[in-house]
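Data first, discussion second: the structure below is written as C-alpha cells.
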Number of protein chains: 2
Amino acid sequence: MSKSNNVYKDAYNRCLRLLDETRSLPSEPELGALLGVSRTTVRSILTRMEETGLIAWNKRAKTVLRDPHPDDFFPEEETDTLAEIIERSFMRRLLAGGAEAGMQINELELAREIGVGTTSVREFLIRFSRFGLIEKRRNSHWVLKGFTRAFALELTEIREMFELRSAAAFAALPQDSAVWADLDRLEAEHRLLASEIATRFNEFSELDERFHRLIHRASRNRFIVDFYDVIAMIFHYHYQWNKAQERERNEVAVGEHLAYIEALKSRDLGKVDAACRKHLKSARQTLLTSIPENRPSQKP
Amino acid sequence: MSKSNNVYKDAYNRCLRLLDETRSLPSEPELGALLGVSRTTVRSILTRMEETGLIAWNKRAKTVLRDPHPDDFFPEEETDTLAEIIERSFMRRLLAGGAEAGMQINELELAREIGVGTTSVREFLIRFSRFGLIEKRRNSHWVLKGFTRAFALELTEIREMFELRSAAAFAALPQDSAVWADLDRLEAEHRLLASEIATRFNEFSELDERFHRLIHRASRNRFIVDFYDVIAMIFHYHYQWNKAQERERNEVAVGEHLAYIEALKSRDLGKVDAACRKHLKSARQTLLTSIPENRPSQKP
DNA sequence: TTAATGTCTTTTATCGTGAAAAAACAGTTT
DNA sequence: AAACTGTTTTTTCACGATAAAAGACATTAA
C-alpha cells in the first residue's frame with residue numbers, strides 16, 4: 001500500500017452532505033472548486049455515487065436519486081491525512097508517556113509503532129521541528145527538548161511581543177477595512193457563547209484561535225502570522241490535556257476577549273495595549289500552571 | 001547509488017590536516033570526538049590512511065609515516081552534504097533566473113535538474129519553507145512568494161524587534177558572564193579587520209554573523225535564536241549577489257559594530273538602544289537598495 | 001577495572017517505484 | 001466561443017530497499 005486515498009474519501013463524505021441540499025449536482029470544475037480537489041477526484045466521487053445508486057450521471061446531468069444513508073459515508077478515521085495521524089500519535093506519546101527532556105527520538109521505531117513508512121515520519125519531524133520542541137543531531141537522532149516551563153516562557157514572550165504589535169496595527173487600520181466587520185462578527189459570537197457558557201464552554205478554543213489569528217493578520221507580517229501556528233498547536237493540545245476548571249477559565253477568557261474587542265473598537269492605543277496585556281497575562285498563567293514543576297532539567 | 005559518503009570524505013580531509021601537526025594519532029574514540037564522527041567512520045579513515053601509506057596502524061599505535069600530499073585529499077565538491085548541494089542549486093535558480101513571485105516550484109523537475117531523488121528535494125523544501133519564501137499547496141505544487149521588498153521589510157521588522165530586545169538582555173548580563181570575554185574577542189577581531197579593511201573587507205560577512213548571533217543568544221529564547229537562521233541565510237546570499245560598494249558598506253558596518261560594542265560594554269540601555277537602532281537601520285537600507293523595484297506584485 | 005579495539009546490530013539518508021491526485025490536452029455540447 | 005466532459009500525462013505522496021554512518025556489545029590490552 002503506497003498512498004491512501006484519503007483525499008478522495010474525505011471529499012466524498014463532504015459531497016454526500018451536499019446531496020441533502022440539492023436535486024442535482026453542478027459541473028465537474030465547479031464541484032472541484034467547492035470541495036477543494038481536482039477534477040480527477042471529482043470524477044472518482046461521481047463514479048462511485050453512480051455505482052451506489054445515489055445519483056444518475058450522464059455527462060452534464062447529475063441527478064440525485066436518493067438521500068445518503070449513514071453507511072454511504074466512509075469511516076471518519078479513513079479520511080485523515082498521514083501527517084495528521086503521525087502528529088496525533090507523536091503528541092500522544094509526548095504528552096502521555098514519560099517524555100523526559102533530552103530523550104532521543106527514533107525515526108524507525110516511531111514509524112514501526114505508527115505503522116507508516118520512515119519517509120513520512122522524517123518529513124513530519126522536519127516540519128514539527130519549527131515548534132522548537134525537538135532538535136536534530138546531524139546524521140543521527142532527534143532530541144526531545146521537552147515541553148517545559150522554559151519552553152512555555154519563551155513561547156509566550158514572543159507571543160506577547162507579536163500580539164501587542166499586531167493589536168496596535170489592528171487599531172490603526174482604516175475604518176473602511178474589512179477587518180472591522182470580521183471583528184463585529186466575532187464579537188457577536190463571543191456574546192452568544194458568553195450567554196451559553198455553561199453548556200458550550202468547550203467551543204471556546206476554536207473561537208479563541210480565530211480571534212487571535214484575525215489580530216495577528218493585521219501585522220501584515222508573514223513571520224508573525226506564521227508564528228501563530230506554534231501557539232495554536234500548543235494551545236490545541238493544551239486544551240486537550242488540561243481540563244481543570246475549564247469552564248471557569250474559558251468564561252474569564254471570553255470576558256477578556258470582549259474587553260479586548262471593545263478596546264480595539266475604541267481605537268485608543270493605550271486601551272488596546274492594556275486590554276491585550278491583561279488577556280495575554282492570564283493566558284500565560286493558564287499555560288504555566290498546567291505544566292508540572294521543573295523536571296531534572298537539561299544542559300543549555 | 002543510494003547515499004554518498006561525504007561524511008567520511010570530509011572527515012578524512014580534516015584528518016589529513018591533523019597529520020601535519022603530530023607524529024601519531026590519538027585513540028579512535030578521541031579522533032571521533034575531534035572530527036565529530038562515529039568510530040565507524042574513524043576506522044574507515046584509518047583503514048584508507050594505512051592503505052595509502054600515510055600511517056602505520058596496529059591497534060593503538062597509529063604512527064604517521066609521511067606528510068599528506070595534495071592529491072591525498074578528496075575533491076572539495078565530494079565533501080558537500082546533499083542538502084547543501086540542493087540549497088545551492090535552488091538559490092542559484094532563484095536568484096539568477098526570472099524568479100517571479102507566484103511562480104510554481106516543481107519537485108520532480110528540480111530533482112531531475114539537480115540529479116537527486118525527489119525525497120531529498122521534498123525534505124529540503126520543507127526545511128526551506130520556514131524562511132517564508134515559499135509556500136505549499138496541499139497535494140500540489142509549491143509556490144514561490146518571491147524575494148520582494150515586502151519580504152525584506154517583514155524580515156527586518158522582526159529582526160529589529162528581536163535584536164533590540166536581545167541587546168538589552170545582553171547589556172543586563174552580569175559582569176562575570178562568559179559573554180563579555182566573547183565580546184572582547186569579537187571587538188579585537190573587528191579592530192583588526194578595520195585596520196586591514198582594504199584587503200580583507202570580504203571577511204566581514206562571517207564576522208557579522210558571529211557578532212549578531214552572540215547578541216541574539218543573550219535573549220535565551222530559542223525562537224529568537226532560531227530566527228537568526230533566516231536572517232543569516234538571506235544575508236549570506238545577499239552578500240553573494242550584491243557586490244556594489246561592498247568595501248564601503250562593510251567599512252561602515254564595522255564602524256557601527258564597534259560603536260554598538262562600546263555601547264554594550266557601557267551597559268547603558270539608552271546607548272545600547274541607540275547604537276543597535278542605528279546599525280539595524282543601515283543594514284535594512286543596504287538590503288532594501290539591493291532589491292529591484294516592486295514587480296507586478298501578488299494578491300495578499 | 002578502565003579504556004581501548006574488534007565485531008555485530010541498528011538507524012539514518014537516499015533512491016527507485018507505483019498508486020493517488022493534479023494538471024494538461026483534446027474533443028463535445030450548448 | 002465558452003464551458004463542459006473524456007482522456008492522457010505529469011506530479012505528488014508514500015513505501016520498501018540498500019549503502020553509509022552511528023551505536024551497542026564483546027573482547028582484549030594496559
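Here is the naming used below: chain letters follow the sequence lines, and residue numbers restart at 1 for every chain.
In this entry the distance linking CG of B:Asn5 with C1' of C:dA13 reads 12 Å, nearest Å. Put simply, CG on A:Asn6 is 11 Å from P on C:dA20, counting in whole angstrom units. One atom, CZ of B:Arg112, and another, C1' of C:dT17, lie 15 Å apart when rounded to the nearest Å. Whole-Å rounding puts the A:Ile126 CD1 to C:dA13 P distance at 9 Å.
Listed by chain and residue number, B:Ala56 satisfy the side chain to side chain contact (heavy atoms under 4.5 Å, CB included) test with B:Leu65 (two or more places apart in sequence, or in another chain). The ring-ring contact (aromatic ring centres under 6.0 Å, His included) test applied to A:His216 returns A:Tyr228, not counting sequence neighbours. Remark: B:Tyr237 engages no residue in a ring-ring contact (aromatic ring centres under 6.0 Å, His included) (not counting sequence neighbours). Taking B:Ser205 as the reference, B:Tyr239 meet the side chain to side chain contact (heavy atoms under 4.5 Å, CB included) condition, with sequence neighbours excluded. By the salt bridge (Lys or Arg N to Asp or Glu O under 4.0 Å) test, B:Arg17 pairs with no residue at all, sequence neighbours left out. For A:Phe74, the ring-ring contact (aromatic ring centres under 6.0 Å, His included) partners two or more places apart in sequence, or in a different chain, are A:Tyr8, A:Tyr12. Partners of B:His141 by ring-ring contact (aromatic ring centres under 6.0 Å, His included), not counting sequence neighbours: none found.
Identified under the side chain to side chain donor-acceptor pair (under 3.5 Å) test for residues 52-61 of chain A, with sequence neighbours left out: none.
For B:Arg122, no side-chain nitrogen or oxygen approaches OP1 or OP2 of D:dT12 to under 4.0 Å. In this model, the phosphate group of D:dC15 is not approached by any side-chain N or O of A:Thr118 to a distance below 4.0 Å at OP1 or OP2. OP1 or OP2 of C:dT11 lies within a sub-4.0 Å distance of a side-chain N or O belonging to A:Asn106. Contact annotation: A:His141 reaches the phosphate of D:dG23 (side-chain N/O to OP1 or OP2, under 4.0 Å). Checking the phosphate oxygens (OP1, OP2) of D:dG23, a side-chain nitrogen or oxygen of A:Ser140 falls inside 4.0 Å. Put simply, A:Lys136 has a side-chain N or O that comes within less than 4.0 Å of OP1 or OP2 on C:dA13.
Taken residue by residue, residues 27-43 of chain A places heavy atoms nearer than 4.0 Å to DNA chain C at A:Val37, A:Ser38, A:Arg39, A:Thr40, A:Thr41.
Defining each end axis of the helix from C:dT1-D:dA30 to C:dT30-D:dA1 as the rotation carrying four pairs' C1' atoms onto the next four, with five pairs an end, the two axes are found to diverge by 30° to 10 degrees.
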For nucleotides 28-30 of chain D, list the nitrogen or oxygen atoms of the protein found under 3.5 Å from its nitrogen or oxygen atoms, one pair per line.
none

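Using a 4.5 Å cut-off on side-chain heavy atoms (C-beta onward), A:Asp226 and A:Phe223 make no contact.
Between B:Lys62 and B:Gly117, the residue anchored nearer the 5' end of DNA chain C, judged by the nucleotide with its closest heavy atom, is B:Lys62.
Nearest to the side-chain atoms of A:Lys3 among the listed nucleotides C:dT11, C:dT14, D:dA14 stands D:dA14.
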Can I get a per-line list of side-chain donor-acceptor pairs under 3.5 Å for residues 127-135 of chain A, giving both atom names and the distance, sequence neighbours left out?
from     : atom 1 : to       : atom 2 : distance (Å)
A:Ser129 : OG     : A:Ile126 : O      : 2.6
A:Arg130 : NH2    : A:Asp229 : OD2    : 2.7
A:Glu135 : OE2    : A:Lys145 : NZ     : 3.3

